[in-house]
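Have a look at the structure below, then the notes.
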Protein chains: 2
Amino acid sequence: MKKQVNPKELDVLLRAAEVACAENGARLTQRRRQVLSELMQSSSPLSAYEVLDLCNRSTTSTMPPMSVYRILDFLEQQQLVHKLSSSSKYVACAHIACDHKHFQKTHFLLCDGCSSVEEVDATEEASEALEQMAKTVGFKLTTQQFELSGICTACQDSAGEGL
Amino acid sequence: MKKQVNPKELDVLLRAAEVACAENGARLTQRRRQVLSELMQSSSPLSAYEVLDLCNRSTTSTMPPMSVYRILDFLEQQQLVHKLSSSSKYVACAHIACDHKHFQKTHFLLCDGCSSVEEVDATEEASEALEQMAKTVGFKLTTQQFELSGICTACQDSAGEGL
DNA sequence: GCGTTAAAGATACAATATATCATATTACGA
DNA sequence: TCGTAATATGATATATTGTATCTTTAACGC
Ligand SMILES: [Zn+2]
Ligand SMILES: [Zn+2]
Ligand SMILES: [Zn+2]
Ligand SMILES: [Zn+2]
């Protein structure tokens, strides 16, 4: 579903993304901007083919699947987009316009109800507890990204209202 | 890769699986047994098609993909097999022959080096820390399964030996 | 402008997963 | 034991997701 992002806000995000790319010596081309823009305007993660359809719907030209995958890979490298491996879907980073860096491990909270996603940094406690747990079987964790399911506030509330 | 499971041990596991099914009013048919057996003998998670190939290699008859998916779904319901959503692969439950129940949330530790998997119950600390973290953004966790990557003991050791 | 590099397009195909209908096997009561 | 319903599997087609590879286009540095 479409998220409510006003054009002004969207533009700020895209400009920030452009700057972020430039800082890495990369370019946010038209196509890349288009893909990123669709993800930014979505309230839920999108599959590569969903992104593709949206892009092809919003312009006359048609992009091949290969391009979308390439572009999503690029955007992921730039940390402008994250790939949710549990669903093979993509989501725009929640920190494009702020000065947040991905220093901490990132947790994605996926709502079972409305498919919304929250991107949050791992707490010290969570990181510690997980590492400790892994240690009991000799594992040294490398994961930088965790995906958890749950029910968001809005869905918890609406569930109470009966239907 | 093939895991070292002696035939005796394998048989014990399969019998236990049979009993577990019976307790649920289900049957461990030949095909289901075959699929489960392949997973039990694998040292790493297998995709549905990998299971399919192994099955078709070990018998004259050929099974269609559909059957494998159906059987994997069945085995997953019986909790004899777990599906790793991050890789769309399947792994035999580590607790088929013991009296373990899946009461706690389960963590799967996936080795980046050798692809082995460890199935461990969540610690109280980890569960608590994750729930607490989710709570800060209003989420109520529902996930029963977590998938973490890391390096297993064996791979940590062999990494030290130089190559 | 011209050669070099990066990006995008085009085409083909591989890998993964599901829908649907037909057939076979099993369970179970008459 | 036979008939029937329920369960499980087979067969076929197709949808979905993801890559390989080669060509063309656009950007950049000189
Ligand atoms: Zn991010
Ligand atoms: Zn929700
Ligand atoms: Zn298990
Ligand atoms: Zn290992």
Side-chain angles (χ1 to χ4, degrees), chain A residues 17-18 20-39 44-78 80-91, chain B residues 17-18 20-39 42 44-78 80-91 115:
Chain A
E18 205 170 342
C21 285
E23 283 172 357
N24 296 336
R27 283 176 300 142
L28 190 68
T29 62
Q30 273 308 104
R31 281 304 199 194
R32 288 168 175 173
R33 167 184 293 262
Q34 184 183 24
V35 165
L36 181 55
S37 171
E38 293 296 349
L39 283 172
S44 52
L46 299 175
S47 74
Y49 276 81
E50 285 168 345
V51 171
L52 179 62
D53 290 345
L54 287 168
C55 288
N56 285 343
R57 217 156 277 167
S58 71
T59 57
T60 56
S61 66
T62 72
M63 186 168 23
M66 193 62 240
S67 291
V68 178
Y69 280 102
R70 269 192 301 233
I71 289 171
L72 288 169
D73 283 352
F74 168 84
L75 294 173
E76 203 188 354
Q77 277 172 30
Q78 301 296 317
L80 297 170
V81 156
H82 302 294
K83 176 170 187 176
L84 303 176
S85 62
S86 58
S87 57
S88 294
K89 294 193 175 185
Y90 300 81
V91 61
Chain B
E18 204 170 343
C21 285
E23 282 172 357
N24 296 336
R27 283 176 300 142
L28 190 69
T29 62
Q30 273 308 105
R31 281 303 198 196
R32 289 168 177 172
R33 167 184 293 260
Q34 184 184 25
V35 166
L36 181 55
S37 171
E38 293 297 351
L39 284 172
S42 173
S44 53
L46 299 175
S47 74
Y49 276 81
E50 285 167 345
V51 171
L52 179 63
D53 289 346
L54 287 168
C55 288
N56 286 342
R57 217 155 279 167
S58 71
T59 57
T60 56
S61 66
T62 72
M63 188 167 23
M66 192 62 239
S67 290
V68 177
Y69 281 102
R70 270 194 299 233
I71 289 171
L72 288 170
D73 283 352
F74 168 84
L75 294 172
E76 204 188 353
Q77 277 172 29
Q78 301 295 318
L80 296 171
V81 156
H82 302 294
K83 175 171 187 174
L84 303 176
S85 63
S86 58
S87 57
S88 295
K89 294 193 175 184
Y90 299 81
V91 62
S115 303

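Letters A, B, ... mirror the listed sequences (proteins, then strands); counts begin at 1. Computed from a prediction, not measured in an experiment: that's the story for all the values here.
The nearest pair of heavy atoms linking B:S115 to B:P45 is O-CD, 3.2 Å. A:K83 and A:E76 get closest at one heavy-atom pair: CB-OE2, 3.3 Å. The two residues A:L36 and A:A17 come nearest to each other via the heavy atoms CD2-CB, 3.5 Å. For the pair B:M63 and B:N56, the tightest heavy-atom approach, listed with the atom from each and the gap, is N-OD1, 2.8 Å.
Axis angle, first five pairs versus last five pairs of the helix from C:dG1-D:dC30 to C:dA30-D:dT1: 20°, rounded to 10°.
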Seminar exercise, completed: In 5'-to-3' order, the base (B), backbone-only (S) or no-contact (-) status of each nucleotide in nucleotides 8-13 of chain C, using a 4.0 angstrom heavy-atom cut-off, is BBBB--
Seminar exercise, completed: Readout for nucleotides 23-30 of chain D: B = base within 4.0 Å of protein heavy atom, S = sugar-phosphate only, - = neither; 5' to 3' it is ----SS--
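A distance of 10.0 Å separates CD1 in B:I71 from CE in B:M66, rounded to the nearest 0.5 Å.
Summarising the geometry, the separation between CG on A:N24 and P on C:dA6 is reported as 15 Å, rounded to the nearest angstrom. Between the CZ atom of B:R33 and the C1' atom of D:dT9 there is a distance of 17 Å, rounded to whole Å. Look at OH on B:Y69: it is 17 Å from C1' on C:dT20, rounded to the nearest Å. Atom CG in B:D73 sits about 16 Å away from atom P in C:dT16, given to the nearest Å. The separation between B:L28 atom CG and C:dT26 atom P is 13 Å, rounded to whole Å. One can place CD of B:Q34 at 17 Å from P of D:dA8, the figure rounded to the nearest angstrom. B:Q78 places its CD atom 9 Å from the P atom of D:dA8, with the value rounded to the nearest Å.
Scored by the side-chain contact (heavy atoms from CB on, under 4.5 Å) test, B:L54 finds B:E38, B:L46 as partners (sequence neighbours excluded). Partners of B:E18 by salt bridge (charged side-chain N to carboxylate O under 4.0 Å, His left out), not counting sequence neighbours, listed by chain and number: B:R33.
Looking only at side-chain heavy atoms (C-beta outward), B:L72 and B:L39 come within less than 4.5 Å of each other. For the pair B:Q78 and B:R32, the minimum side-chain heavy-atom distance is 4.5 Å or more. Using a 4.5 Å heavy-atom threshold, the side chains of A:L28 and A:L75 count as touching. The shortest side-chain heavy-atom distance between B:S67 and B:V35 does not fall under the 4.5 Å cut-off.
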Exercise. When you look at B:C21 and B:L80, which way does the side chain to side chain contact (heavy atoms under 4.5 Å, CB included) test go after all the steps?
Worked result: CA-CA 9 Å; B:C21 285; B:L80 296 171; 3.8 Å; yes
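Of all the residues in residues 44-60 of chain B, B:Y49 reach under 4.0 Å from DNA chain C with at least one non-hydrogen atom.
Proximity of a side-chain donor or acceptor of A:S58 to a complementary backbone N or O of A:C55 within less than 3.5 Å is detected.
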